[in-house]
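Order of the sequence lines fixes the chain letters, A, B, ..., with proteins taken first and strands second; residue numbering starts at 1 for each chain.
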2 protein chains.
Amino acid sequence: MNIVKQRVTMRDIARKLGVSSVTVSKALNDKEGVSEELRKKIKETAREMGYRLNTLAKAMKEGYSYNVGVVIPERFIGDTQSFYLRFYQHIAKALDHYGYCSILHILTAEDEEQLQLPRVYNERKVDGFIMLGQVNKEYASLFQQIELPVVFLDFYHDQDVDCVLTDNFFGMYELTNHLIQCGHREIAFVGNIYSTSSIQDRFLGYYKSLLEHRIPLREEYIISDRDEKGKYIDFVLPKNMPTAFVCNCDQVAYHLVHTLKELGYRVPEDCSVVGFDNDIYATLAEPNLTTVQVNMEEMSDLAVKMIIEKSKDRNKKYGRVLVKGQIIYRDSVQRIND
Amino acid sequence: MNIVKQRVTMRDIARKLGVSSVTVSKALNDKEGVSEELRKKIKETAREMGYRLNTLAKAMKEGYSYNVGVVIPERFIGDTQSFYLRFYQHIAKALDHYGYCSILHILTAEDEEQLQLPRVYNERKVDGFIMLGQVNKEYASLFQQIELPVVFLDFYHDQDVDCVLTDNFFGMYELTNHLIQCGHREIAFVGNIYSTSSIQDRFLGYYKSLLEHRIPLREEYIISDRDEKGKYIDFVLPKNMPTAFVCNCDQVAYHLVHTLKELGYRVPEDCSVVGFDNDIYATLAEPNLTTVQVNMEEMSDLAVKMIIEKSKDRNKKYGRVLVKGQIIYRDSVQRIND
DNA sequence: CTGAAAGCGCTTACAG
DNA sequence: CTGAAAGCGCTTACAG
């Protein structure tokens with residue numbers, strides 16, 4: 001491909017070849033109505049002249065921008081967290097695959113509070129939004145009122161919005177089953193169960209496993225990890241220590257392992273610990289954590305497909321789409337039955 | 001602000017008010033040629049009708065998209081690295097601040113090899129590029145040949161390209177000085193000095209400090225950390241252990257601390273270790289690492305300002321812009337003089 | 001201060 | 001198979 005400094009348009013190609021720009025458009029877009037011979041010549045000339053499509057013009061004519069806005073609340077991308085940023089990376093790749101571009105919008109707490117929509121919305125730069133990470137209900141509602149489609153990724157509210165979720169419930173259910181199969185019966189859950197829907201669902205999966213195995217749920221075995229604003233707090237461990245801890249995420253599991261070690265407990269000999277997400281903290285912890293891997297690729301791909309379809313057909317509905325995770329077995333669980 | 005489903009254009013506002021769309025455009029853009037009274041009425045009506053600017057139309061007319069492409073080589077955003085992703089976050093915020101949007105392009109090794117330009121280039125979706133993270137020379141050259149401006153961020157080649165860099169040289173020079181002030185004279189450098197320009201410059205800063213203090217550079221004290229493809233390799237420690245290790249980045253320092261501990265060395269009692277970047281690994285390591293903090297905000301802001309200016313005036317030149325880092329003192333350095 | 005005209009670069013629907 | 005006309009929604013330069 002030649003690289004040419006000045007802008008070359010379809011009309012330039014048309015002039016050079018003595019045809020009309022309509023014909024050039026048809027040829028370049030592989031539309032009917034051009035002879036094969038002419039199409040070939042046009043494409044060749046376009047390449048020679050270093051032609052690049054002006055998407056803006058196409059977009060304005062068609063009413064599509066071929067951009068999707070991805071909104072991530074700022075609190076989810078602190079210095080020590082990269083989970084959502086990695087997620088975003090998968091989304092960007094998936095969008096690219098379908099010929100779309102992603103525009104990242106980092107939502108500040110202030111904008112969220114004041115129900116401020118992203119600038120890309122006000123400037124009509126995108127065909128729809130993927131909301132990555134839980135926002136408050138009011139903000140979520142706001143996005144349902146705009147005329148652009150939105151898909152929630154990795155969270156949901158009670159509203160009727162299309163969303164793509166890890167099967168938190170089922171994943172934690174299976175993981176807890178695994179602990180029970182290893183002989184554990186005193187199992188604590190670590191996480192603020194009023195904080196996010198993910199944590200809540202993971203908790204419920206844990207609870208279902210207990211129920212099925214006739215193990216009573218003990219209040220002192222529900223250990224909070226963060227305050228209402230999502231800020232991590234010190235763990236208050238129960239008097240009677242459990243043999244295993246089910247943590248709502250790897251980062252919390254990582255910190256718990258630390259705390260336990262400082263208190264003189266060995267992991268996994270004295271206490272088993274499991275996490276969720278399979279993020280960087282899972283392999284940073286020692287021992288490495290048994291956890292549930294979130295399938296970011298598949299979730300991203302689904303969310304992208306959904307938002308693209310929805311931008312073309314506003315009546316498309318998908319509901320809650322669950323994507324199964326996968327247990328990764330590592331070294332943080334001790335078998336205590338023989 | 002009202003939220004309206006159907007699209008409302010300037011002409012709709014004009015009709016409602018019995019004026020022309022030219023006047024509406026002027027009023028909304030705060031341009032001269034409208035009475036204050038009318039301007040006010042137009043803005044009010046626009047708000048009432050839920051008007052949103054169609055940037056595509058504006059962009060096409062003006063020839064600007066108000067988008068900037070940010071290119072990150074895929075190899076820099078693996079599962080355990082979030083440095084560049086966090087950088088990207090700062091860039092996105094800075095662009096937003098100037099009314100621009102960022103479009104992320106993740107450059108695969110394959111596309112880099114085949115000199116494939118990003119789709120956003122071919123589709124004219126951006127006004128310029130910020131290249132975040134070192135690409136090979138051929139690819140870098142390619143970007144200098146296109147008619148869009150480009151700014152390199154956090155790396156440079158010998159070519160004459162505008163770039164924003166951490167002052168790697170000076171930062172490592174100061175950090176090494178600090179070690180020497182603490183009494184160290186046997187100081188090793190950890191990093192493949194043929195790998196990237198950042199590592200090379202950091203190495204040279206280290207070397208300058210040695211030179212100034214008349215400490216000879218010893219070959220066995222240059223310890224490689226990665227192969228030519230950037231893949232981490234096992235450290236080959238020297239027979240005569242140094243008292244301090246200067247690592248080219250925190251992640252490598254983190255791994256080195258691990259290795260040292262496994263070999264029975266205590267950090268910092270037996271060996272001091274320092275890193276660079278102040279990323280997540282600096283505080284993950286035990287002891288926490290003394291390191292140099294990269295000023296991502298300022299670097300991002302500079303790169304953004306530069307690319308915006310350059311997109312408006314192709315003749316603007318900035319050269320190599322260095323941004324000073326800051327030493328963060330933590331617990332990985334032992335004072336060995338009394 | 002206000003507006004009619006032209007044009008940005010493309011695509012769609014229709015006519016030949 | 002090929003192309004003239006109209007239009008997407010805005011802005012600029014100019015005329016009144």
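Within 6.0 Å of atom CZ in Arg314(B), more than 12 heavy atoms from other residues, nucleotides or ligands are found, so the atom counts as buried in its surroundings.
Remark: Asp301(B) engages Lys305(B) in a salt bridge, criterion side-chain N to carboxylate O under 4.0 Å. A salt bridge is absent between Lys316(B) and Asp162(B); no separation between the charged side-chain nitrogens and carboxylate oxygens falls under 4.0 Å.
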Task: Bracket string, DNA chain D, 5' to 3' - pairs by Watson-Crick or G-U geometry under 3.5 Å, | interstrand - done: |||.||||||||.|||

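Within the structure, a side-chain polar atom (N or O) of Thr23(A) is placed less than 4.0 Å from OP1 or OP2 of dG3(D). For Asn54(A), no side-chain nitrogen or oxygen approaches OP1 or OP2 of dC8(C) to under 4.0 Å. One finds no side-chain N or O of Ser21(B) lying less than 4.0 angstrom from the OP1 or OP2 phosphate oxygen of dG3(C). For Ser35(B), a side-chain nitrogen or oxygen approaches OP1 or OP2 of dT2(C) to under 4.0 Å. Look at Tyr64(B) and you won't find any side-chain N or O under 4.0 angstrom from OP1 or OP2 of dC10(D).
Leu85(A) CG to Ile77(A) CD1: the interatomic distance, rounded to the nearest 0.5 Å, is 5.5 Å.
Atoms CE (Met60(B)) and P (dA6(C)) sit 17 Å apart, rounded to a whole Å. Taking atom CZ on Arg39(A) and atom C1' on dC1(D), their separation rounds to 11 Å, with Å as the unit. In this structure, Asp30(A) places its CG atom 15 Å from C1' of dT11(C), rounding to the nearest Å. Rounded to whole Å, the distance from CZ on Arg15(B) to P on dA4(C) is 13 Å. Distance CD1 (Ile42(A)) to C1' (dC10(C)): 15 Å, rounded to an integer number of Å. At whole-Å resolution of the value, CE in Met49(B) and P in dG9(D) are 13 Å apart. Atom CD of Glu32(B) is separated from atom C1' of dT12(D) by 14 Å (rounded to the nearest Å). Separating the CD atom of Glu123(B) from the C1' atom of dC10(C) is a distance of 14 Å, rounded to the nearest angstrom.
Side-chain contact between Val151(A) and Lys310(A) is present, with heavy atoms from C-beta onward closer than 4.5 Å.
Of the candidates Leu153(A), Asp96(A), Leu95(A), Val68(A), Val304(A) forms a side chain to side chain contact (heavy atoms under 4.5 Å, CB included) with just one, namely Leu95(A).
Classified by interplanar angle (parallel below 30°, tilted 30° to 60°, perpendicular above 60°), the ring pair Tyr121(B)/Phe129(B) is tilted.
Mapping Ala57(B) and Glu36(B) onto DNA chain C by nearest heavy atom places Glu36(B) at the nucleotide closer to the 5' end. In terms of position on DNA chain C, the residue among Val22(B) and Glu62(B) whose nearest nucleotide sits closer to the 5' end is Val22(B).
Backbone-only engagement by Lys31(A) is indicated by non-hydrogen atom pairs under 4.0 Å involving sugar-phosphate atoms exclusively. Contact annotation for Leu56(A): no contact, since no heavy-atom pair falls under 4.0 Å across all strands. At the heavy-atom level, Met10(A) lies under 4.0 Å from the strands shown only through sugar-phosphate atoms.
Candidate nucleotides dG3(C), dC8(C), dG9(D) were compared by shortest atom distance to the side chain of Arg11(A), and dC8(C) ranks first. The listed nucleotides are dC10(D), dT2(C), dG9(C); the one nearest the side chain of Thr9(A) is dG9(C). The side chain of Lys58(A) sits closest to dC10(C) out of dT2(D), dC10(C), dG3(D). The nucleotide whose nearest atom lies closest to any side-chain atom of Leu53(A) is, among dA5(C), dC8(D), dC10(C), dC10(C).
A donor N or O paired with an acceptor N or O is not found under 3.5 Å between the base of dG9(C) and the side-chain atoms of Lys61(B).
Aromatic ring centroids of Phe143(B) and Tyr139(B) lie under 6.0 Å apart.
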